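Keep in mind the model is a prediction, meaning the values are calculated, not measured.
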Amino acid sequence: MKLFKSIFPYSLAAIFALVTMAPAEALTLDQARELYKAGKYAEAAPVFKAQLKRRPNDGSLNHWYGVCLFHEKKYAEAEKYLKVGVKRKVLESPHFLGDVYMAQYRFDDAAASYQDYIDALEKNKKQVPDSVTEAIARARKAKLMLNHVEQVQVIDSLIVDADSFFEHFKMTPESGRIGTAETLDVAIPDSTIGYMPQRGDKVFFGMPVEGKGYELCAMNKLTDGRWSRITPLPEGVNTTRNEAYPFFLNDGVTLYYASNGEGSIGGYDIFITRLNLENNTYLKPENVGMPFNSIYNDYMMAVDEMLNIGWFVSNREQIPGKVTIYLFIPNSSKQTYDLDEIKTDIKSLALIRSIRDSWPEGADYTDLLQQLNDIQEAQVVKRPDFVFAICNGVHYTSLDQFTSAEARNLYIKANEARKHIAQLESKVAELRPQYTQSQGTTRQRLSAEIGSLESQLLSLYPQPGEYENQARKAELDALQKRR
C-alpha cells in the first residue's frame with residue numbers, strides 16, 4: 001500500500017483505472033479522498049459510506065459523503081450528512097449545506113447557512129471570499145423572485161443536445177435567425193451563438209474579451225457585402241462578467257440576453273433592457289424573474305411576435321450535455337401567482353416541473369403547436385448570400401453570377417481570409433485573460449503564442465481587400481471581353 005501512495009502524485013490515472021477493476025471496499029480511505037479531490041464523487045462515495053458505518057459521528061466523513069451526495073443531486077440525503085459536518089465544526093460544511101438548500105429552493109435557510117460559513121471563516125481568521133457574500137445576495141434575491149413567480153402558459157418542452165439547441169427554434173422569417181458562425185454564414189467566434197434580424201444586415205453575439213469575460217457585440221453588413229469590425233453594444237448591458245445569447249424584438253430596441261453578473265440568482269439568468277434612442281445607451285436591465293430563471297443556467301429567450309410564441313433554454317435538473325427548450329405564450333403584462341390561492345407548490349411552478357400546471361382550465365394548444373410545426377425552410381425568405389459591388393449599379397449576390405472562374409475563386413479566397421482573421425482574433429481574445437492571470441513559463445509561452453498570432457494577423461489584414469480588388473478586376477475584364 002505504501003508503494004501505491006508513493007506513486008499516486010505521478011499517476012492519478014492509475015487510481016481511476018483501479019477503480020474500474022476493484023470493488024469500492026478494496027479502496028482505502030486515502031485513495032477515496034484523492035478521488036474526491038479530483039471530482040470523482042461517484043467513485044469515492046461508496047468508500048465514505050462504508051467508513052461511516054464504523055464511524056458515524058466522524059465530521060470529515062459526514063462532510064465528504066454529504067458533498068458526494070450533493071453532486072449526485074441527492075439533496076435530502078446530503079442535507080443529513082452535512083448537518084453532522086456543521087455540528088462537528090467542519091469548516092466547509094455550512095457552505096455546501098447552503099448549496100443544498102439553494103438546490104431545494106429553501107432560500108432563507110441557504111442565506112443563513114452561508115452566513116454561518118462566513119462566521120466560521122472569520123472565527124478561524126480566514127479571508128471571506130466575495131463569492132460567499134454574492135451567494136447570500138443571490139439567495140435573498142431568489143426568495144423575492146419565488147414570491148412573485150410569473151403566471152405564464154408553458155405550452156411545450158423539448159430535451160435536446162446543448163450544443164445544437166438553436167436548431168429547434170422554428171421562428172418565422174420576420175423574427176430573424178439564431179445560430180452559429182456556420183449556420184449564419186458570418187465570421188463570429190466559434191464559441192458563441194449569434195442572432196441575425198430578418199434583413200440580415202446586422203449580427204449580435206457574445207464575444208470573449210480580455211478581462212471582461214463575454215460581452216455583447218455587433219457587426220453591421222456594409223454596402224459592399226463585407227462586415228464591419230466587431231464593436232461592443234452601447235453602454236448599459238456589458239459588465240465584468242459574462243453577457244451572451246442576445247435577441248431583439250421587431251422594434252429593434254427591446255433586447256433579451258443572458259448574464260451571470262449582478263442580479264443573477266445562479267449561472268446565467270435572462271435579462272431584458274431597451275435601447276434609449278435619445279442617447280444611444282441601454283436602460284437598466286431587469287431580471288425577467290421566475291419561472292424563466294432558476295438557480296441553474298437559463299438563456300436564449302426569443303419571441304416570435306407573428307405567432308405570439310416564445311422560447312428559452314435551461315439546464316435546470318438536466319444531465320450534463322442536455323438542456324430543455326421551453327415554449328411559452330408571452331404575456332402582454334406581467335401577472336404573478338397569488339400564493340394564497342394556488343393549489344400547486346410554488347417551487348414546482350417556478351421550476352416548471354409540470355407544464356400542464358401552468359395551463360388554464362380547458363386549454364388546448366394543438367392548433368398553435370401544429371402551426372409552429374408547419375414552418376418549413378421553404379417558407380423562409382431567400383436572403384442574398386452576399387452583396388459584392390462590381391461597378392456602379394452592378395452588385396453580385398451569389399457565386400453563380402460570376403462570369404470569370406478566376407474572379408469567383410478570388411472572391412472565395414477573400415471570404416476565407418476574412419474568416420481566418422476572425423478565428424485568429426477570437427483566439428487572441430481567449431488567450432489574453434489567461435496571460436494576465438498566469439506566471440512563469442506559462443506566461444512566457446502565452447506571450448510568445450499571442451505575439452505569433454498578432455504577427456499573423458498583421459500580414460492577413462490586407463488580404464481580403466486585395467483579393468476582392470483582384471476579383472473585381474478579373475470580372476470586369478471578363479465582362480469587357482464578352483462585349
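- The side-chain heavy atoms of Phe247 and Met301, taken from C-beta on, include no pair separated by under 4.5 Å.
- Annotation: side chain of Phe248 is not in contact with side chain of Pro197 (no heavy-atom distance under 4.5 Å).
- Summarising the geometry of Ala103 relative to Ile295, their closest heavy-atom pair is CA-CD1, 3.4 Å, with the distance given to 0.1 Å.
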Next item on the list: Tell me, with the steps shown, if Arg177 and Phe166 meet side chain to side chain contact (heavy atoms under 4.5 Å, CB included).
Entry: CA-CA 9 Å; Arg177 293 187 293 162; Phe166 56 89; over 6 Å; no
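- Relative orientation of the Phe402 and Tyr411 rings is tilted, given thresholds of 30° and 60° on the angle between their planes.
- Asn238 contributes a side-chain N or O that, together with a main-chain N or O of Leu216, makes up a donor-acceptor pair within less than 3.5 Å.
- Annotation for Leu307 and Leu368: closest pair O-CD1, 4.0 Å, computed over non-hydrogen atoms.
- Separation of atoms CE (Met171) and CD1 (Ile309) is listed at 12.0 Å; rounding is to 0.5 Å.
- With hydrogens and angles ignored, the 3.5 Å screen pairs no side-chain donor or acceptor of Ser314 with any backbone N or O of Thr324.
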Note to self: Walk me through whether Trp359 and Tyr365 qualify under side chain to side chain contact (heavy atoms under 4.5 Å, CB included).
What the structure shows: CA-CA 10 Å; Trp359 296 6; Tyr365 303 107; 3.5 Å; yes
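- Classified by interplanar angle (parallel below 30°, tilted 30° to 60°, perpendicular above 60°), the ring pair Phe204/Tyr195 is parallel.
- The closest side-chain donor-acceptor pair between Thr344 and Tyr337, if any, does not fall under 3.5 angstrom.
- Applying the 6.0 Å contact sphere to CD of Gln318 captures more than 12 heavy atoms from other residues, nucleotides or ligands.
- Taking the side chain as every heavy atom from C-beta outward, Leu27 and Leu35 approach each other to under 4.5 Å.
- Between Asn280 and Leu275, some side-chain heavy-atom pair lies under the 4.5 Å cut-off.
- Within the 3.5 Å criterion, the main-chain N or O of Pro56 finds a donor-acceptor partner in the side chain of Asn62.
- Contact between Lys49 and Tyr65 at its shortest, heavy atoms only, is CD-OH, 3.3 Å.
- For the atom pair CG (Leu61) and CZ (Arg88), the distance works out to 12.0 Å, reported to the nearest 0.5 Å.
- Under the 4.5 Å side-chain criterion, counting only non-hydrogen atoms from C-beta, Val67 is in contact with Leu82.
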Checklist line | Verdict with supporting geometry, Phe328 and Glu150, side chain to side chain contact (heavy atoms under 4.5 Å, CB included) | finding: CA-CA 12 Å; Phe328 67 96; Glu150 184 170 352; over 6 Å; no
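- Using cut-offs of 30° and 60° on the angle between ring planes, the pair Trp64 and Tyr36 is tilted.
- Summarising the geometry of Ser113 relative to Gly98, their closest heavy-atom pair is OG-N, 3.4 Å, with the distance given to 0.1 Å.
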Margin query: Using the rule given for salt bridge (charged side-chain N to carboxylate O under 4.0 Å, His left out), can you reason through Lys73 versus Glu317, listing the C-alpha separation, both sets of side-chain angles and the distance that settles it, and then say yes or no?
Written below: CA-CA 9 Å; Lys73 299 184 178 181; Glu317 301 182 331; over 6 Å; no
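- Counted within 6.0 Å of NE2 on His168, heavy atoms from surrounding residues, nucleotides or ligands total more than 12; the atom is thus considered enclosed.
- Checked by atom type and distance alone, the side chain of Ser358 pairs as donor or acceptor with a backbone atom of Ile355 at under 3.5 Å.
- No donor-acceptor pair closer than 3.5 Å links the side chain of Asp161 to the backbone N or O of Ser164.
- Asn297 places a side-chain N or O within donor-acceptor distance of the main-chain N or O of Tyr268, the cut-off being under 3.5 Å.
- For Glu286, the CD atom sits in a loose shell: 12 or fewer heavy atoms of surrounding residues, nucleotides or ligands are nearer than 6.0 Å.
- Taking both residues in full, the closest heavy atoms of Ile188 and Gly179 are given as CD1-O, 4.4 Å, listed atom of the first, atom of the second, then distance.
- A side-chain donor-acceptor contact under 3.5 Å links Asp304 to the backbone of Thr172.
- Within a 6.0 Å sphere centred on NZ of Lys87, other residues, nucleotides and ligands contribute 12 heavy atoms or fewer.
- Remark: the backbone N or O of Gly236 is not paired with any side-chain donor or acceptor of Thr281 at under 3.5 angstrom.
- Under the side-chain hydrogen bond (donor to acceptor under 3.5 Å, both in side chains) criterion, Gln401 pairs with Thr397, not counting sequence neighbours.
- Without hydrogens or angle criteria, Asn287 side chain to Gly263 main chain gives a donor-acceptor distance under 3.5 Å.
- If you run side chain to side chain contact (heavy atoms under 4.5 Å, CB included) between Pro94 and each of Asp99, Ile118, Val86, only Val86 comes through.
- Partners of Ala162 by side chain to side chain contact (heavy atoms under 4.5 Å, CB included), not counting sequence neighbours, listed by chain and number: Val323.
- Around CG of Asp367, the count of heavy atoms belonging to other residues, nucleotides or ligands within 6.0 Å does not exceed 12.
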Margin query: Walk me through whether Thr366 and Asp364 qualify under side-chain hydrogen bond (donor to acceptor under 3.5 Å, both in side chains).
Written below: CA-CA 6 Å; Thr366 304; Asp364 184 357; 2.6 Å; yes
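- Within a 6.0 Å radius of CG in Asp251, more than 12 heavy atoms belonging to other residues, nucleotides or ligands are found.
- Test Trp311, Tyr256, Phe312, Tyr326 against Phe292 for ring-ring contact (aromatic ring centres under 6.0 Å, His included) and you get one pass: Phe312.
- For Glu305 (side chain) and Asn250 (main-chain N/O), a donor-acceptor pair under 3.5 Å exists by modelled atom type.
- Considering only heavy atoms from C-beta on, Glu468 comes within 4.5 Å of Arg226 through its side chain.
- Scanning for side-chain hydrogen bond (donor to acceptor under 3.5 Å, both in side chains) contacts around Glu79 gives Lys83, Arg106, with sequence neighbours left out.
- Aromatic ring centres of Phe271 and Tyr282 lie farther apart than the 6.0 Å criterion allows.
- Ring pair Tyr114/His95 is perpendicular by interplanar angle, where above 60° counts as perpendicular and below 30° as parallel.
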Item checked: Step-by-step side chain to side chain contact (heavy atoms under 4.5 Å, CB included) determination, Val149 to Lys347 -> CA-CA 9 Å; Val149 178; Lys347 296 176 185 177; over 6 Å; no
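- The minimum heavy-atom distance between Ser294 and Asp269, with the atom names listed, is O-OD1, 3.5 Å.
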Notebook entry, point to check: Can you list the steps and then say if Lys419 with Asp185 is a salt bridge (charged side-chain N to carboxylate O under 4.0 Å, His left out)?
Noted result: CA-CA 10 Å; Lys419 289 180 179 179; Asp185 192 27; 3.7 Å; yes
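- Between Lys143 and Asp109, no side-chain nitrogen of the basic residue sits less than 4.0 Å from a carboxylate oxygen of the acidic one, so the salt-bridge criterion is not met.
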